[in-house]
Amino acid sequence: MINELVKEMVDAGVHYGHQTRKWNPGMRPYLMKDKGGIHIIDLEKTVRCLDKASDFITELDGKKRKLLFVGCKQQAQEAVREAAEASGQYYVNHRWLGGTLTNLATIRQSVERLKYLEGIEKAPEYKAMSKKELAALNREKNKLLRNLQGVRDMDKPPQALVIVDTAKESIAVAEARRLKIPIIGIVDTNGDPSVIDYPIPANDDSIRSVRIVLQNLVDSIVVATKG
């Protein structure tokens, strides 16, 4: 089973890291020899780390099992949304709004504003608004929808975060650590695994690589939920 997953990961390029000059020394335990100036990730260790993360997800309280998937880079956006929707979880895939975890009350206010804008046609002041005003409100609604769609039902902090590219999503990492929320993170060779509770060493710049890691986590969530 491990060999099959490793082969699948090789085909998806999960083992390709960054150029050797862009590495984080903390990733040393997860690396094989570099090849042509590129660090190569040891996929057997990736599988073991993925198993640990999956075990952690399985052990979460099923009735309260809520995770927040985070990945705002272009290569991760669709995969993050699809993974979250497939497993009934929250997600942020366009922009991490500062305070999403540490100032959730403000995020909830923004969600209420979004709900108001979505129902603006039913508001008594609607008929008195000009086309220019309505166009501005529509732009505001679309911006809020893009940033809040995946967390509009999140009224309390999640049990854990699943982050794609922990180096890029450093603010999300910092907020989770401040609140002591466990982090499962796809960590490329330029990332710092020491700040992640369940680091998964993998290529975070390849869409196929991101998808294969997230799919394995989604499978764990679905199985744990059914169990």
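Just so you know, these numbers use all the heavy atoms, side chains as well, and skip hydrogens, waters and symmetry mates.
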A.B. asks: Identify every side-chain donor-acceptor pair in residues 177-187 under 3.5 Å, counting partners at least two apart or on other chains, and give the distances.
C.D. replies:
| from | atom 1 | to | atom 2 | distance (Å) |
| --- | --- | --- | --- | --- |
| Arg177 | NH1 | Val195 | O | 3.2 |

A.B. asks: For Asp153, give me all partners under salt bridge (charged side-chain N to carboxylate O under 4.0 Å, His left out), at least two apart in sequence or on another chain.
C.D. replies: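 Salt bridge (charged side-chain N to carboxylate O under 4.0 Å, His left out) check on Asp153 returns nothing, list empty.
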
A.B. asks: Listed by chain and number, what are the side-chain hydrogen bond (donor to acceptor under 3.5 Å, both in side chains) partners of Asp55, not counting sequence neighbours?
C.D. replies: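 Testing Asp55 for side-chain hydrogen bond (donor to acceptor under 3.5 Å, both in side chains), a comparison that skips the adjacent residues, returns none.
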
A.B. asks: With a cutoff of under 4.5 Å between side-chain heavy atoms, which Ile, Leu, Val, Met, Phe, Trp and Tyr residues group with Tyr16?
C.D. replies: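 Met32, Ile40, all in the cluster of Tyr16.
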
A.B. asks: For Ser54, give me all partners under side-chain hydrogen bond (donor to acceptor under 3.5 Å, both in side chains), at least two apart in sequence or on another chain.
C.D. replies: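 Here the qualifying residues are Ser220.
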
A.B. asks: Report the residues that fulfil salt bridge (charged side-chain N to carboxylate O under 4.0 Å, His left out) with Asp192, sequence neighbours left out, ordered by chain and then residue number.
C.D. replies: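 With neighbours one apart ignored, the set is empty.
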
A.B. asks: Out of curiosity, does Leu97 fall in the hydrophobic cluster containing Ile163 (side-chain heavy atoms, cut-off under 4.5 Å, transitive links)?
C.D. replies: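 Cluster IDs for Ile163 and Leu97 match.
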
A.B. asks: Would you list the pairs meeting side chain to side chain donor-acceptor pair (under 3.5 Å) in which at least one residue belongs to residues 84-94, sequence neighbours left out?
C.D. replies: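 For residues 84-94, and leaving out neighbouring residues, the side chain to side chain donor-acceptor pair (under 3.5 Å) pairs sorted by first residue read Arg81-Glu85.
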
A.B. asks: Go through the structure and list residues passing salt bridge (charged side-chain N to carboxylate O under 4.0 Å, His left out) with Lys35, not counting sequence neighbours.
C.D. replies: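 Salt bridge (charged side-chain N to carboxylate O under 4.0 Å, His left out) check on Lys35 returns nothing, list empty.
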
A.B. asks: Connecting only ILVMFWY residues whose side-chain heavy atoms lie within less than 4.5 Å of each other, what is the rest of Ile38's hydrophobic cluster?
C.D. replies: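 The other cluster members (ILVMFWY side chains, heavy atoms under 4.5 Å, direct or chained): none.
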
A.B. asks: Could you list the residues that satisfy salt bridge (charged side-chain N to carboxylate O under 4.0 Å, His left out) with Asp197, not counting sequence neighbours?
C.D. replies: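 With sequence neighbours excluded, Asp197 shows a salt bridge (charged side-chain N to carboxylate O under 4.0 Å, His left out) to no residue whatsoever.
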
A.B. asks: With sequence neighbours left out, what residues match Gln19 under side-chain hydrogen bond (donor to acceptor under 3.5 Å, both in side chains)?
C.D. replies: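 Counting only residues at least two positions away or on another chain, Gln19 forms a side-chain hydrogen bond (donor to acceptor under 3.5 Å, both in side chains) with Arg21.
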
A.B. asks: Tell me, please, which residues at least two apart from Tyr116 pass side-chain hydrogen bond (donor to acceptor under 3.5 Å, both in side chains).
C.D. replies: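 Per chain and number, Tyr116 pairs via side-chain hydrogen bond (donor to acceptor under 3.5 Å, both in side chains) with Glu125.
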
